[in-house]
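No experiment lies behind these values; they were computed from the predicted model shown.
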Amino acid sequence: MIDLSRRRVLILFAASAAVATLSACATAPMVMTTANAQPVSSVYPAQARDALNQMRRENNLPELVHNPVLQRVADEQAEIMARNGNIAHTAESGQAFITRLRRQNFWGGAGENLAGGPPNLASAIEGWMRSPAHHRVMVNPDYVQFGIAVRRGRSTPNNTYGTYWALIMGVMSPEMRAQLAASA
C-alpha cells in the first residue's frame, strides 16, 4: 500500500498540472487569421524588400538589402515545411537554425520568422508584426539583410491556404563591412 500524505498528493497534482500546461503551450500552433485572398506561390526579392523596408522606415530602422545566402536558407526552410505540412524551426534532418546558417557559410547573427497560412506577403508581414516574438525579429535594428521564401504545400486545419513562409534576417556580414569601408 502506498502511503501518500496530503502534501505529497498536492505536490504531485501541481506538478502534473504544470507539465500539462507547458506541453500544451509548446504544441499549440499560433494561428494567423487573414482576410480571404488568392494565395501566392512565389515572392520576388525586390517586392519583399520594398514591403519590408516600408515597415522599417515607419519604425525608423535601417533598410534591408537582399542577401543570396540568407535566401538559400529561407528557400530550404520553406520547401521543407511545405513538403512536411508543418511549421518548425528545425529542418527536416533535425538541424537547428544556426546549423543551417553555418552550412550556407553565413557566420553572423540572424533571426528566423516562419508562418503557415498567410496567402500573400502583406498578410505574412502583418501577422509577424502582431506577434511579439516575430515583431522583435522584424524591428531588430542590427538586422540589415534578408532572404524570404514562400512555398505551396498541403492545407491543414491551421493552414487553410497551404502557404509556408520563411523570412531570415541577419546582421551585416564581414563582406558588407569591407564593401562599406572600401566605398567610404
Side-chain angles (χ1 to χ4, degrees), residues 25-26 28-34 40 42-82 86-92 94-151 158-159 163-184:
C25 179
M30 181 186 140
V31 178
M32 286 185 174
T33 56
T34 60
V40 298
S42 63
V43 61
Y44 296 105
Q47 171 194 18
R49 183 199 61 229
D50 292 347
L52 290 166
N53 283 336
Q54 177 182 341
M55 174 276 299
R56 303 274 292 185
R57 282 189 298 274
E58 290 168 1
N59 288 280
N60 297 314
L61 296 165
E63 292 195 2
L64 301 169
V65 297
H66 183 255
N67 179 298
V69 174
L70 295 179
Q71 184 62 50
R72 287 193 301 270
V73 177
D75 285 334
E76 175 188 34
Q77 186 62 23
E79 182 63 37
I80 289 168
M81 293 187 307
N86 70 342
I87 301 142
H89 288 282
T90 53
E92 197 167 42
Q95 292 182 351
F97 175 54
I98 192 76
T99 304
R100 291 183 283 120
L101 287 169
R102 300 304 183 249
R103 190 176 66 236
Q104 293 293 335
N105 290 316
F106 187 85
W107 300 97
E112 178 178 59
N113 280 353
L114 306 177
N120 54 45
L121 178 62
S123 58
I125 291 172
E126 179 184 330
W128 288 325
M129 291 299 288
R130 286 192 321 233
S131 161
H134 295 99
H135 183 266
R136 282 190 294 276
V137 173
M138 300 292 283
V139 299
N140 186 327
D142 296 329
Y143 294 156
V144 295
Q145 49 189 338
F146 78 99
I148 189 168
V150 61
R151 295 291 186 278
N158 294 320
N159 183 354
T163 54
Y164 296 84
W165 293 85
L167 170 66
I168 314 297
M169 297 173 75
V171 300
M172 187 178 299
S173 66
E175 295 82 16
M176 288 177 75
R177 280 194 190 97
Q179 289 173 351
L180 284 175
S183 66

Heavy-atom pair with the smallest gap, counting every atom of Ser123 and Pro118: OG-CB, 3.5 Å
SB check Arg130 Glu126 (cutoff 4.0 Å): yes
Side-chain donor or acceptor of Ser131 paired with backbone N/O of Trp128 under 3.5 Å: no
Can you give the donor-acceptor pairs under 3.5 Å from side chains of residues 43-53 to other protein atoms, not counting sequence neighbours?
| unit_1 | atom_1 | unit_2 | atom_2 | d |
| --- | --- | --- | --- | --- |
| Gln47 | OE1 | Tyr44 | N | 3.3 |
| Asn53 | OD1 | Leu64 | N | 2.6 |
| Asn53 | ND2 | Arg49 | O | 3.3 |
| Asn53 | ND2 | Leu64 | O | 3.1 |

Derivation of the side-chain contact (heavy atoms from CB on, under 4.5 Å) call for Arg151 and Asp75: CA-CA 8 Å; Arg151 295 291 186 278; Asp75 285 334; 3.3 Å; yes
Shortest non-hydrogen contact between Pro62 and Pro141, atoms and distance: CG-O, 3.4 Å
Close side-chain approach of Leu61 to Val139, heavy-atom, < 4.5 Å: yes
Nearest heavy atoms of Val171 and Val144, plus distance in Å: C-CG2, 4.0 Å
Shortest non-hydrogen contact from Leu70 toward Gly170: CD1-N, 3.7 Å
Sequence-distant partners of Thr99, side-chain contact (heavy atoms from CB on, under 4.5 Å), two or more places apart: Gln95, Ala96
Rounded distance (nearest 0.5 Å) linking atom CZ of Phe106 with atom CD1 of Ile98: 9.0 Å
Residues forming a salt bridge (Lys or Arg N to Asp or Glu O under 4.0 Å) with Arg102, sequence neighbours excluded: none
Flag, side chain of Tyr143 to backbone of Ala110, donor-acceptor distance under 3.5 Å: yes
Verdict with supporting geometry, Leu167 and His134, side-chain contact (heavy atoms from CB on, under 4.5 Å): CA-CA 10 Å; Leu167 170 66; His134 295 99; over 6 Å; no
Heavy-atom side-chain contact between His66 and Ile148 under 4.5 Å: no
Candidate pair Ile125 and Gln54, rule side-chain contact (heavy atoms from CB on, under 4.5 Å), full reasoning: CA-CA 11 Å; Ile125 291 172; Gln54 177 182 341; over 6 Å; no
Heavy-atom closest pair, residues Gln71 and Ala149: NE2-CB, 4.1 Å
Distance, nearest 0.5 Å, that separates CG of Leu121 from OG1 of Thr163: 11.0 Å
Those residues that, when tested against Glu112, pass side-chain contact (heavy atoms from CB on, under 4.5 Å) (two or more places apart): Gln77, His89, Phe97, Arg100, Leu114, Ile168
Partners meeting side chain to side chain donor-acceptor pair (under 3.5 Å) with Asn67 (sequence neighbours left out): Gln145
Pairing residues for Arg56 by the side chain to side chain donor-acceptor pair (under 3.5 Å) criterion, not counting sequence neighbours: none
